[in-house]
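See below for the structure under consideration.
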Amino acid sequence: MSKERVEDGAASSEGNRAVTDHKPSASLWPMFIAFGLAIAEVGVVVGVFVFTVIGFLMFTGAVAGILAEAGYVERPWVALGVLGTVVLALGIAVFGAFGGVVGGTELVAVPNAVAYRGLSMISAGALTILTAGVGSIRSELT
Amino acid sequence: MGLSGELALTLLTGVLVLIVFALATRFDDWRTYTPLAGGGALGGETGYGHDEKPGGIVRWLTTVDHKDIGILYGVYAIVAFAWGGLAVMLMRFELATPAMDVLASVGGRAFYNQLLTSHGITMLFLFGTPILAAFSNYFIPLLIGADDMAFPRINAIAFWLLPPGAILIWAGFFLAPFFDGIAASMTSWTMYPPQAVAQTAAGQDAMSYEYAGRVIASSEIDTAALNAGTDLMLLGLHLTGVSATMGAINFIATIFTERGSDVGWDKLDIFSWTILTQSALILFSFPLLGSAIVMLLLDRNFATGFFAVEGGGTILYQHLFWFFGHPEVYILVLPPMGIISYVLPRFSGRKLFGFKFVVYSTLAIGVLSFGVWAHHMFASGIDPRLRAGFMAVSLAIAIPSAVKTFNWITTMWNGNIRLTTPMLFCIGFIANFIIGGVTGVFLAAVPVDLILHDTYYVVGHFHYVIMGAIAFAVFAGVYYWFPIVSGRMYQRTLGKAHFWTTMVGTNLTFFAMILLGYGGMPRRYATYNGVTAEGIIGYFTNLHVIATVGAFILLVGQIIWLVNMVQSWLEGPVVGPDPWNLKEDGLPSREFDWHADRIETTLADGGEPAEDEPMTDGGEPVDADDDAAGDE
């Protein structure tokens with residue numbers, strides 16, 4: 001996976017090019033990171049459920065992908081799971097802090113627009129973790 | 001809120017994204033690297049080959065090559081330039097008559113305010129910063145002998161944040177026909193609260209309500225009535241800020257760590273110095289903009305009170321905004337100054353006079369730019385002792401600016417001047433920058449500012465700098481480096497026509513504005529038919545007509561430029577290794593050495609040989625003797 005080694009700060013033989021040794025010529029992920037961040041941002045601030053979920057999935061997925069591509073992580077799925085957990089935790093915090101309720105007749109109740117945004121982030125986080133799990137199992141099998 | 005429906009939709013989306021993601025991972029192997037990576041046996045330059053990239057549109061969507069990204073930045077900035085330019089043309093046509101005429105049928109004053117906001121934000125954030133990033137992305141690695149940027153992928157991320165940023169910033173215009181509650185933002189580019197916090201889609205105040213025929217002020221915002229176009233614009237602006245910050249970090253890392261072994265700090269060229277300083281300014285100022293925007297968004301959507309009277313108040317916003325906003329001026333002007341300092345000597349036949357002092361003045365401007373922000377707030381009622389301090393620093397910043405100006409003039413002094421198109425733009429830059437700078441010195445003085453504040457004088461002043469100087473330097477850079485980027489030469493006559501229309505148009509438009517300001521014409525007004533004083537209305541009308549004529553000339557000039565660029569890119573004469581005959585004057589430059597190398601490599605590869613001899617400034621063959629004065 002990692003065709004590119006990250007040097008541990010030591011200067012290479014050609015001057016002090018310490019950051020990355022081999023330059024890639026193309027990468028799939030940067031565009032998705034940018035678009036994912038933009039969509040997620042709009043989703044959370046304007047309060048559009050679907051945008052939040054698509055945006056976070058795209059963003060976390062592409063971040064995991066780029067980390068794996070650059071060789072910072074061995075496999076993308078663990079990174080994706082961690083990122084999903086962060087989104088999930090943020091969502092739970094927002095949902096809880098603004099009076100979201102689980103249980104009762106409605107199963108999930110959102111008393112205000114902020115708790116609603118928390119719920120959308122929970123969904124995004126949960127789906128991300130699910131994706132990470134599925135991907136991990138798939139790559140184990142193959 | 002129809003939760004179950006949304007959950008179902010979300011699940012569906014999740015499955016869709018999962019499929020896309022699964023497909024994407026299969027694409028892992030199409031991505032290839034430079035074949036000689038790590039070897040270096042055949043020299044470092046081999047990494048520039050284009051063969052390994054995917055073909056077609058995928059190449060442009062996935063590229064992390066600094067040159068490709070530079071071109072993407074350039075194309076993006078030109079689209080933004082067209083949007084901002086067309087917006088201002090509508091405004092100028094409206095201002096040609098005192099009453100509301102031209103825009104009356106498409107939304108009147110509210111639409112004028114939308115155009116005004118869009119013009120300002122677009123030109124500063126979507127044209128100004130990206131077009132400079134276009135130059136720096138393409139040329140900094142070449143100038144410092146690096147293979148690429150320090151973080152090529154982050155470079156690509158920084159670019160790809162811009163298109164969604166632009167779509168969000170302009171979103172109000174696109175959504176307005178479909179939603180009653182959404183219009184393009186009308187906050188002007190400064191986005192001052194309380195207006196930016198409480199403006200409805202009709203341009204009304206969401207903090208007041210009508211009761212029994214009277215308008216009652218409220219301390220509560222009716223959030224449902226707020227214009228979502230402003231929220232989207234703020235989000236877009238936030239993305240462009242993130243993009244600029246990522247780019248800045250990348251340039252700092254690149255210039256510090258990726259310089260070739262033969263490029264020490266003493267050998268660093270002037271353009272790289274200005275980009276380094278600019279990146280530092282971005283690093284310290286853009287986070288302020290981001291924070292202020294987040295606070296505005298929270299005030300608007302989540303009932304916080306950062307800029308409410310009982311919170312930090314509107315002056316807090318002004319401090320935060322201008323702590324970013326003034327360095328932003330130097331973020332925009334330092335790299336153009338670098339381009340001038342780089343290009344002007346090549347056509348003066350001399351090295352840059354006082355190189356060290358030009359670098360020192362760049363650094364001095366960078367430092368001082370953080371100590372002048374309150375001069376934008378002289379009329380806001382801040383403590384007079386604060387005003388005096390900021391006046392002193394604002395006046396002091398004229399010194400390093402003058403150092404640069406005199407160094408450019410001295411570089412030309414007794415030089416072997418070749419009036420090529422880039423050189424004309426360099427000279428135009430200096431002329432306009434002097435007018436823009438001197439009007440700025442007057443504005444820095446508190447008593448003068450209090451009289452001229454919020455008049456067209458201010459508008460004239462900063463347009464002399466932004467259009468007259470920054471855009472001129474951009475054009476100088478575009479013409480100078482066009483042979484490298486396109487491999488061809490532009491059409492000389494069209495280049496000259498572009499320069500003269502731009503020079504005449506700029507001075508007609510913006511000098512008229514300075515005179516309008518002396519007359520007391522306030523800025524940001526769609527109409528001025530309320531002026532009743534004898535003689536003044538005629539004075540205003542005449543000058544506005546002159547400014548509109550100037551703007552029209554500018555429009556014609558930019559169309560000429562665009563035609564020239566596109567046509568020459570496709571059909572221009574292929575250039576040789578030294579299209580500007582720099583070697584003759586002993587002024588070789590690293591990026592043209594690279595250009596020559598590339599041509600050689602292409603020929604060795606069996607690529608198309610150049611059919612024509614290289615020609616200075618396009619068009620006609622040049623004799624060895626009179627090539628210097630070749631064009632005029």
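The basis for the numbers below is simple: all heavy atoms, side chains too, and nothing from hydrogens, waters or symmetry mates. We name chains A, B, ... by the order of the sequence lines, and we start the count at 1 in each one.
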Among B:Leu239, B:Thr63, B:Asp231, B:Leu162, who wins on heavy-atom pairs under 4.5 Å with chain A?
B:Leu239

Listed once per pair and sorted, the side chain to side chain donor-acceptor pair (under 3.5 Å) pairs that draw on residues 84-94 of chain A, sequence neighbours left out:
none

Partners meeting ring-ring contact (aromatic ring centres under 6.0 Å, His included) with B:Tyr73 (sequence neighbours left out)
B:Phe159

Quick test of your reading of the model: are B:Arg590 and B:Asp262 salt-bridged, counting only N-O distances below 4.0 Å?
yes

Interface check, chain B: of A:Val42, A:Val114, A:Thr52, most non-hydrogen pairs under 4.5 Å belong to A:Val42

Do A:Arg75 and A:Ser139 pair up side chain to side chain, a donor and an acceptor below 3.5 Å, judged on atom types alone?
yes

Honestly, the part of B:Leu168 sitting under 4.5 Å from a heavy atom of chain A is side chain

Winner by heavy-atom pair count (cut-off under 4.5 Å) against chain A, out of B:Leu297, B:Val242, B:Leu161
B:Leu161

Report yes if the side chains of A:Ile39 and A:Met58 come closer than 4.5 Å at any heavy-atom pair, otherwise no.
yes

Is it the backbone or the side chain of B:Leu234 that comes under 4.5 Å from a heavy atom of chain A, or both, or neither?
neither

Checking A:Val46 against chain B: side chain, backbone, both or neither under 4.5 Å from a heavy atom?
side chain

